Amino acid sequence: MDTPHPMLTRYPDAAAALTALPAAERETLLAAAQVARLAAGTALFSPGDACTRYLVVLDGVVRVFLLSETGREILLYRVGGGQTCVLTTAALLADKVYDAEGVAETDVTALLIPAERFQALLTELPAFRGFVFSSFATRLRDLVGLVGEVAFARLDARLAGFLLKRAGDEETVALTHQEMAAQLGSTREAVSRLLKDFERQGMVVLRRGAVRLRDAGALRRLAEGAM
């Protein structure tokens with residue numbers, strides 16, 4: 001049975017993704033990559049930047065978003081352990097510049113593969129090529145879903161679903177109204193108004209910099225369009 005590369009044993013999410021590659025391909029890939037450690041808040045790319053490296057996150061989270069001239073932010077997606085950035089892949093394949101912002105949301109450890117080596121590996125390693133395009137397709141599907149949500153779903157339903165997803169097994173979402181608005185592609189005023197409505201209906205309790213879920217069932221019904 002194949003075992004993870006010693007470096008990958010420290011990063012279980014990345015190991016799960018990369019050990020699907022044949023051992024020989026994985027070794028070639030890791031030999032071509034540089035391990036980078038980025039502090040939270042580090043900018044990885046901005047609109048207009050040339051793409052010079054393929055990125056696979058080993059640990060931590062990269063946030064990719066659009067920022068308007070007025071400072072309004074809309075979250076496109078997050079890249080976590082074992083995942084890749086669809087905009088990076090698109091920029092490398094098409095030899096184009098970035099169209100969005102990428103920032104380390106937490107401390108991040110990542111594999112960085114130089115662009116010219118990435119192109120060669122796509123040709124040399126069939127399983128790696130499959131990994132790249134499978135990751136690309138998954139992220140592209142997520143982006144299409146985001147466009148559909150922003151275009152068609154009511155903001156109250158999206159907010160309810162967002163709270164449930166971010167809370168997970170916890171009861172609290174530790175984000176400000178502005179941060180939630182940015183991730184939903186809305187405004188702080190609209191999110192604050194809805195959260196106050198949720199509180200009046202007994203679904204949440206508002207705290208400074210956080211929201212505590214009080215009635216997850218009601219939020220779920222709203223998110224699913226049953227209210």
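What you see is a predicted model; the values in this text were computed from it and never measured.
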Grab the two heavy atoms, one from [X] and one from [Y], that are nearest each other, plus how far apart they are.
X: E199; Y: L206; answer: OE2-N, 3.0 Å
X: L222; Y: A160; answer: CD2-CB, 3.8 Å
X: V204; Y: L195; answer: CG2-O, 3.9 Å
X: M180; Y: L163; answer: SD-CD2, 3.8 Å
X: G80; Y: V57; answer: O-CB, 3.3 Å
X: T84; Y: R139; answer: O-NE, 3.9 Å

Item to check | Contacts of type ring-ring contact (aromatic ring centres under 6.0 Å, His included), residue Y98, not counting sequence neighbours | outcome: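 With neighbours one apart ignored, the set is F45.
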Checklist entry - With F198, which residues qualify under ring-ring contact (aromatic ring centres under 6.0 Å, His included), at least two apart? => result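 F198 satisfies ring-ring contact (aromatic ring centres under 6.0 Å, His included) with no other residue.
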For the [atom1] atom of [X] and the [atom2] atom of [Y], what is their distance to the nearest 0.5 Å?
X: F128; Y: L18; atom1: CZ; atom2: CG; result: 9.0 Å
X: K96; Y: L87; atom1: NZ; atom2: CG; result: 14.5 Å
X: T172; Y: R166; atom1: OG1; atom2: CZ; result: 12.5 Å
X: L159; Y: R193; atom1: CG; atom2: CZ; result: 11.5 Å
X: E179; Y: R188; atom1: CD; atom2: CZ; result: 12.5 Å
X: L93; Y: Q119; atom1: CG; atom2: CD; result: 6.5 Å

Checklist entry - Do R78 and Q83 have side-chain atoms, one donor and one acceptor, less than 3.5 Å apart? => result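 No.
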Next on the checklist: Strictly distance-based, threshold 3.5 Å: is any side-chain N or O of T106 a donor or acceptor partner for the main-chain N or O of G60?
Outcome noted: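 No, T106 side chain to G60 backbone: no donor-acceptor pair under 3.5 Å.
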Are [Y] and [X] linked, directly or through intermediate hydrophobic residues, by side-chain heavy-atom contacts shorter than 4.5 Å (ILVMFWY only)?
X: L66; Y: V79; value: yes
X: Y11; Y: V61; value: no
X: V205; Y: L175; value: no
X: L75; Y: F162; value: no

Checklist entry - So which residues get pulled into F65's cluster when ILVMFWY side chains under 4.5 Å apart are joined, directly or through others? => result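 The other cluster members (ILVMFWY side chains, heavy atoms under 4.5 Å, direct or chained) are L67, V103.
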Which donor-acceptor pairs under 3.5 Å do side chains of residues 29-41 form with protein atoms, sequence neighbours excluded?
unit_1, atom_1, unit_2, atom_2, d
Q34, OE1, R53, NH1, 3.4

Next on the checklist: When you compare the side chain of V64 with that of C85, does any pair of heavy atoms fall below 4.5 Å?
Outcome noted: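 Counting from C-beta outward, C85 and V64 do come under 4.5 Å.
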Item to check | Heavy-atom side-chain contact between L76 and V86 under 4.5 Å | outcome: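 The answer is no, as the side chains (C-beta and beyond) never meet within the 4.5 Å cut-off.
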Report all side-chain donor-acceptor pairs from residues 207-219 shorter than 3.5 Å, counting only partners two or more places apart or in another chain.
unit_1, atom_1, unit_2, atom_2, d
D215, OD1, G217, N, 3.3
D215, OD1, A218, N, 3.1

Next on the checklist: Apply side chain to side chain contact (heavy atoms under 4.5 Å, CB included) to residues R10 and T109 and explain how you reach the verdict.
Outcome noted: CA-CA 11 Å; R10 301 196 298 274; T109 304; over 6 Å; no
Item to check | CZ (R129) with more than 12 external heavy atoms under 6.0 Å | outcome: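 Check passes, neighbour count above 12.
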Next on the checklist: If you count heavy atoms of other groups shown closer than 6.0 angstrom to CD of E171, is the number above 12?
Outcome noted: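 Incorrect, the count does not exceed 12.
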Next on the checklist: One pair to check against side chain to side chain contact (heavy atoms under 4.5 Å, CB included): L55 and L112. What are the steps and the verdict?
Outcome noted: CA-CA 5 Å; L55 177 147; L112 301 178; 3.8 Å; yes
Checklist entry - Sequence neighbours excluded, which residues qualify as salt bridge (charged side-chain N to carboxylate O under 4.0 Å, His left out) partners of D156? => result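 Salt bridge (charged side-chain N to carboxylate O under 4.0 Å, His left out) list for D156, sorted by chain: R154.
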Item to check | D142 and Y77: CA distance, side-chain angles, deciding distance, side chain to side chain contact (heavy atoms under 4.5 Å, CB included) verdict | outcome: CA-CA 8 Å; D142 291 343; Y77 54 86; 5.7 Å; no
Item to check | Step-by-step side chain to side chain contact (heavy atoms under 4.5 Å, CB included) determination, E124 to L121 | outcome: CA-CA 5 Å; E124 297 168 7; L121 291 173; 3.9 Å; yes
